[in-house]
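Here is the naming used below: chain letters follow the sequence lines, and residue numbers restart at 1 for every chain. This one's a predicted model, so the numbers in the text were calculated from it and none came from an experiment.
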There are 2 protein chains.
Amino acid sequence: MQTRTVYFVSDHTGVTAEVLGHSLLARFTGVAVRTTTRPFVNSLQRADALAAELATLPDEPVVFSTVTDRTVRERIAAAPGLHLDLFEPFLGPLAEALGNPPPADAGAFHGIRDLASYQARIDAVEFALATDDGSNAERYGQAEVIMVGVSRAGKSPTCLYLALQYGVRAANYPLAEDDFEAEGLPGAVAAFRGRLFGLTIAPKRLHELREQRRPGSGYAELRRCEYEVRQAERLYRRHGVPFQDASTLSVEELAALVLQRAGLERHR
Amino acid sequence: MQTRTVYFVSDHTGVTAEVLGHSLLARFTGVAVRTTTRPFVNSLQRADALAAELATLPDEPVVFSTVTDRTVRERIAAAPGLHLDLFEPFLGPLAEALGNPPPADAGAFHGIRDLASYQARIDAVEFALATDDGSNAERYGQAEVIMVGVSRAGKSPTCLYLALQYGVRAANYPLAEDDFEAEGLPGAVAAFRGRLFGLTIAPKRLHELREQRRPGSGYAELRRCEYEVRQAERLYRRHGVPFQDASTLSVEELAALVLQRAGLERHR
């Protein structure tokens with residue numbers, strides 16, 4: 001398989017170039033890539049340094065760019081490579097529809113564009129940390145969603161992604177032996193049935209994940225994993241808790257599914 | 001200020017459409033937007049339902065779309081609105097450069113494209129959670145970066161973002177009274193000087209943040225905030241710890257700056 005050199009270049013963090021660039025590259029399944037991100041290229045000096053770097057590469061790179069300043073952009077584009085400006089194709093149609101020509105410089109950019117929604121994200125992260133893994137259950141009343149599932153099913157990363165990306169207050173509660181033996185919902189979450197969202201996972205995958213954490217333990221045993229997953233799903237069905245199989249899904253996919261199925265609003 | 005209706009539409013999570021869409025909209029500073037995300041629009045039935053929804057809107061929406069299947073895309077684009085296909089302008093040039101035409105369907109997409117790098121991200125989240133706020137200092141040897149700073153300077157969200165977005169193992173250690181009185185670096189981090197990265201913050205901003213957490217407390221007092229910030233910066237300078245003022249930066253900006261200044265590799 002050929003390996004191509006790819007640059008994500010930005011006058012800001014580079015996140016937009018990385019996200020769209022990776023999505024586009026995923027379409028080219030036969031090509032392996034070696035990627036480099038160059039954020040904060042916001043001066044002619046930095047543009048020239050980058051152009052010089054691109055010129056020394058053994059192969060022509062693919063350059064995904066979100067540089068606002070035209071002069072900076074042109075300096076970079078003078079270097080060898082396929083230069084794709086990720087903003088340019090859309091600014092004209094948007095200006096026509098929104099009746100407001102884009103400003104000439106990068107002054108409009110700022111990491112914190114909307115302080116209230118930014119603060120909601122940071123507060124949601126604090127909430128997710130405080131209520132991770134069953135902690136501070138007295139705060140569940142403030143949760144928009146409470147993820148439930150057995151240990152290592154993927155609750156924590158999903159909650160943190162929901163918080164960081166969407167400002168959603170997501171708590172998580174681990175299901176364990178006591179919860180399976182009881183008739184009702186676990187006491188800590190019983191009052192919040194409508195906000196529960198369950199995760200399940202293929203027992204073999206769970207076994208692998210637990211083996212990484214505690215090799216050879218009873219906790220990681222396949223039989224124990226099978227039992228817990230069966231009991232968790234039984235609990236979801238008995239109490240009408242919506243749930244999702246997390247075995248082959250990324251945290252981005254899980255978060256999008258939870259938002260959609262739980263009807264949650266993105267605070268961003 | 002006019003308010004426009006904006007849709008982010010995808011046959012997958014919608015993250016790419018949201019990220020590029022928000023970046024583009026930020027250029028149009030005079031326009032307020034009401035945004036809606038429609039993920040997993042991957043069938044004609046869902047496309048038709050969305051088109052019907054778009055047709056009922058009082059104003060013509062702006063639709064940022066990353067739908068791969070042409071038929072699905074065309075059904076949506078038949079509805080009123082400005083439809084911007086975020087992939088289309090780049091696929092031709094990329095196909096020419098990479099010598100591999102894109103597949104016709106969405107089959108190439110999957111949330112977990114590279115299992116090893118995905119696992120690195122999930123492991124990094126587990127690491128950031130385990131080592132948050134000074135916990136499990138015995139694991140600092142596995143950290144790629146150890147963020148230090150006073151309480152509420154922004155260490156935890158930055159570490160979690162570094163983990164989730166880039167798979168970087170980031171621990172964080174809170175600086176407190178004992179650390180300021182000592183001569184050397186705090187004992188827990190002294191052996192890892194080269195991996196330390198400090199955050200600082202304007203005392204007034206810190207005071208506001210702490211007031212939200214514990215109103216009227218000594219912890220939140222402006223004088224106390226001024227003292228702690230001064231001491232933290234003195235510690236950074238004395239021991240040559242690189243540091244960044246987090247007062248007006250988003251977590252995305254902080255993460256990008258930390259990666260760049262600490263020379264860390266993105267595992268993604």
Side-chain angles (χ1 to χ4, degrees), chain A residues 4 12-16 19-20 23-24 26-31 35 37 39-40 60 62 66 68 82 84 86-87 89-91 93-95 97-98 100 102-103 108-109 111-113 118 121-122 125-126 129 132 154 156-157 160-161 164-165 248-253 255-257 259-260 266, chain B residues 4 12-16 19-20 23-24 26-31 35 37 39-40 60 62 66 68 82 84 86-87 89-91 93-95 97-98 100 102-103 108-109 111-113 118 121-122 125-126 129 132 154 156-157 160-161 164-165 248-253 255-257 259-260 266:
Chain A
R4 293 296 299 252
H12 197 232
T13 63
V15 171
T16 302
V19 169
L20 181 57
S23 288
L24 286 164
R27 303 282 289 272
F28 297 85
T29 46
V31 183
T35 65
T37 303
F40 308 115
E60 291 216 341
V62 175
T66 59
T68 313
L82 172 65
L84 297 173
L86 302 182
F87 288 156
F90 311 111
L91 289 172
L94 278 171
L98 302 178
N100 182 3
F109 282 91
I112 304 177
R113 287 196 277 266
Y118 182 71
R121 285 171 62 205
I122 296 304
V125 170
E126 191 274 325
L129 279 171
D132 186 50
S156 297
L160 289 166
Y161 192 86
L164 265 172
Q165 192 74 15
T248 61
L249 297 177
S250 70
V251 63
E252 287 82 357
E253 290 168 318
L257 283 164
L259 287 173
Q260 186 180 49
R266 292 157 163 80
Chain B
R4 292 295 300 252
H12 197 234
T13 64
V15 170
T16 302
V19 169
L20 181 57
S23 288
L24 286 163
R27 303 280 289 269
F28 296 85
T29 46
V31 183
T35 64
T37 304
F40 308 115
E60 291 216 343
V62 175
T66 57
T68 313
L82 171 66
L84 297 173
L86 303 182
F87 287 157
F90 311 111
L91 289 173
L94 278 172
L98 302 178
N100 182 3
F109 283 91
I112 304 176
R113 285 196 279 266
Y118 182 71
R121 285 171 62 206
I122 297 304
V125 170
E126 191 273 325
L129 280 171
D132 186 50
S156 297
L160 289 166
Y161 192 86
L164 266 172
Q165 193 73 17
T248 61
L249 297 177
S250 70
V251 62
E252 288 82 356
E253 291 168 318
L257 282 164
L259 286 173
Q260 187 180 49
R266 293 155 162 82

Checklist entry - Yes or no on side chain to side chain contact (heavy atoms under 4.5 Å, CB included) for A:L164 and B:E252, after CA distance, side-chain angles and deciding distance? => result CA-CA 10 Å; A:L164 265 172; B:E252 288 82 356; over 6 Å; no
Next on the checklist: Test side chain to side chain contact (heavy atoms under 4.5 Å, CB included) on B:Q260 and A:T13; report intermediate values, then the result.
Outcome noted: CA-CA 10 Å; B:Q260 187 180 49; A:T13 63; over 6 Å; no
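The one candidate from B:L91, B:L86, B:L98 that meets the side-chain contact (heavy atoms from CB on, under 4.5 Å) condition with A:L24 is B:L91.
Contact annotation for B:T35: only side-chain heavy atoms (C-beta onward) come within less than 4.5 Å of a heavy atom of chain A. Heavy atoms closer than 4.5 Å to chain A are found nowhere in B:E60, neither backbone nor side chain. Using a 4.5 Å cut-off between heavy atoms, B:V125 contacts chain A through its side chain alone, with no backbone atom that close. Interface residue A:L82: only side-chain heavy atoms are found under 4.5 Å from chain B. Both the backbone and the side chain of B:L94 come within less than 4.5 Å of a heavy atom in chain A. If you measure heavy-atom distances from B:L129 to chain A, the contacts under 4.5 Å come from the side chain alone. Looking at B:L259, neither its backbone nor its side chain comes within 4.5 Å of chain A, counting heavy atoms on both sides. Using a 4.5 Å cut-off between heavy atoms, B:Y161 touches chain A through backbone and side chain atoms alike. For B:P157, the parts lying near chain A are the backbone and the side chain together; criterion is any non-hydrogen pair under 4.5 Å. Using a 4.5 Å cut-off between heavy atoms, B:L160 touches chain A through backbone and side chain atoms alike.
Of all the listed residues (B:P93, B:G154, B:A255, B:S156), the one sharing the greatest number of non-hydrogen pairs under 4.5 Å with chain A is B:P93. No other option in B:T37, B:L257, B:V15 has as many heavy-atom pairs under 4.5 Å with chain A as B:T37.
To the nearest 0.5 Å, atom NE2 of residue B:H12 and atom OG of residue A:S23 are 9.0 Å apart. Rounded to the nearest 0.5 angstrom, A:T68 OG1 and B:R27 CZ are separated by 4.5 Å.
Under a 3.5 Å cut-off, the side chain of A:R4 and the backbone N or O of B:A97 do form a donor-acceptor pair.
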